[in-house]
Amino acid sequence: MARGAKYWLMKTEPETYSIHDLEAESNQTTHWDGVRNYQARNFMRDEMKLGDRVLVYHSNAKPPHAAGTAKIVKESYPDHTAWDENDKHYDPKSTPENPRWFMVDIKLDEVFDQTLGLDELREIKALEGMELLRRGSRLSVQPVGKGEFDAIVKAAHKKAADAS
DNA sequence: GCCAACGTTGGC
DNA sequence: GCCAACGTTGGC
């Protein structure tokens, strides 16, 4: 049974993998490997469905910012990088027979012409109480309310319109 | 580079 | 099953 799309936020460090790297991928699609946190994994493995929307957030940037949006184009499957001894995220406890870590594929929707810095996000009324803005929040994959998602997209578009 | 806030690990 | 030690995240 179909359900409405859900909304998510996924963090990435732009020096490692940015939304511009996603834009440059063939078909502008990539697998979101390297997540090694159980809560984040569970969201990807159990709850992300085709067509769900993703807000791409650049952490550890100056300033950290919302960079654009994407959508889920493939539901969860084992993260093979966990089996690769040479991979930064190698985990000997994960095996092909009994995979511990999972990932999804996402496809770029939009790179914001004007990104929204953390300070700007904090100024948006609709984002009060958003998980991302909570002190000490570290989850790299987290659910986002539709209202929050829409407010961020709207604010990014308004900023771009004002700048042009 | 610092460090607060977490999450994980492993001894007991 | 507790919890101290350790490792990581991520804003600043």
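First the proteins, then the strands, lettered A, B, ... as listed; each starts at 1. Both backbone and side-chain heavy atoms feed into the values below; hydrogens, waters and symmetry mates do not.
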Q.
Run the salt bridge (Lys or Arg N to Asp or Glu O under 4.0 Å) test on A:Glu120 and A:Lys159 for me, step by step, so that the C-alpha distance in whole Å, both residues' side-chain angles and the decisive distance to 0.1 Å come before the verdict.
A. CA-CA 10 Å; A:Glu120 294 170 283; A:Lys159 187 178 175 186; 3.1 Å; yes
What is the distance from [atom1] of [X] to [atom2] of [N], rounded to the nearest Å?
X        : N      : atom1 : atom2 : answer
A:Asp91  : C:dT8  : CG    : C1'   : 15 Å
A:Arg138 : B:dC6  : CZ    : C1'   : 3 Å
A:Asn42  : B:dG7  : CG    : P     : 13 Å
A:Arg100 : B:dT9  : CZ    : C1'   : 12 Å
A:Asp119 : C:dC12 : CG    : P     : 7 Å
A:Met130 : C:dG11 : CE    : P     : 12 Å
A:Glu13  : C:dG11 : CD    : C1'   : 12 Å
A:His65  : C:dC12 : NE2   : C1'   : 17 Å

Q.
Just to verify, which of A:Thr81, A:Asp79, A:Asp91 counts as forming a side-chain hydrogen bond (donor to acceptor under 3.5 Å, both in side chains) with A:Trp101?
A.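 Exactly one pass, corresponding to A:Asp91.
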Any [X] side-chain N or O less than 4.0 Å from OP1/OP2 of [N]:
X        : N      : answer
A:Arg134 : B:dC6  : yes
A:Lys88  : C:dT8  : no
A:Lys11  : C:dG10 : yes
A:Tyr38  : B:dC6  : no

Q | Test: A:Lys6 and A:Asp52 ion pair at under 4.0 Å | A | no
Q) Which comes earlier along DNA chain B counting from the 5' end, the contact point of A:Arg135 or that of A:Lys93, where each point is its nearest nucleotide? A) A:Arg135
Q: Counting heavy atoms from C-beta on, name the nucleotide in C:dC12, B:dT9, C:dG10 closest to the side chain of A:Asn60.
A: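 So the nucleotide nearest the side chain must be C:dG10.
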Q | Nearest-nucleotide pick for A:Asn37, side chain only, options being B:dG7, B:dA5, C:dG11 | A |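 Of the options given, the side chain of A:Asn37 lies nearest B:dG7.
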Q) Using the ring of each side chain (for Trp, its six-membered ring), is A:Phe112 parallel, tilted or perpendicular to A:His157, with breaks at 30° and 60°? A)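 Answer is perpendicular, since the angle exceeds 60°.
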Q: Using a 4.0 Å heavy-atom cut-off across all strands, classify A:Lys62 as base, sugar-phosphate, or nothing.
A: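 Result for A:Lys62 = nothing.
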(Q) For A:Tyr77, does the six-membered ring have the charged nitrogen or CZ of A:Lys74 within the cation-pi criterion, i.e. under 6.0 angstrom from the centroid and within 45° of the normal? (A)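 Because its charged atom sits under 6.0 Å from the ring centre and within 45° of the axis, A:Lys74 does stack over A:Tyr77.
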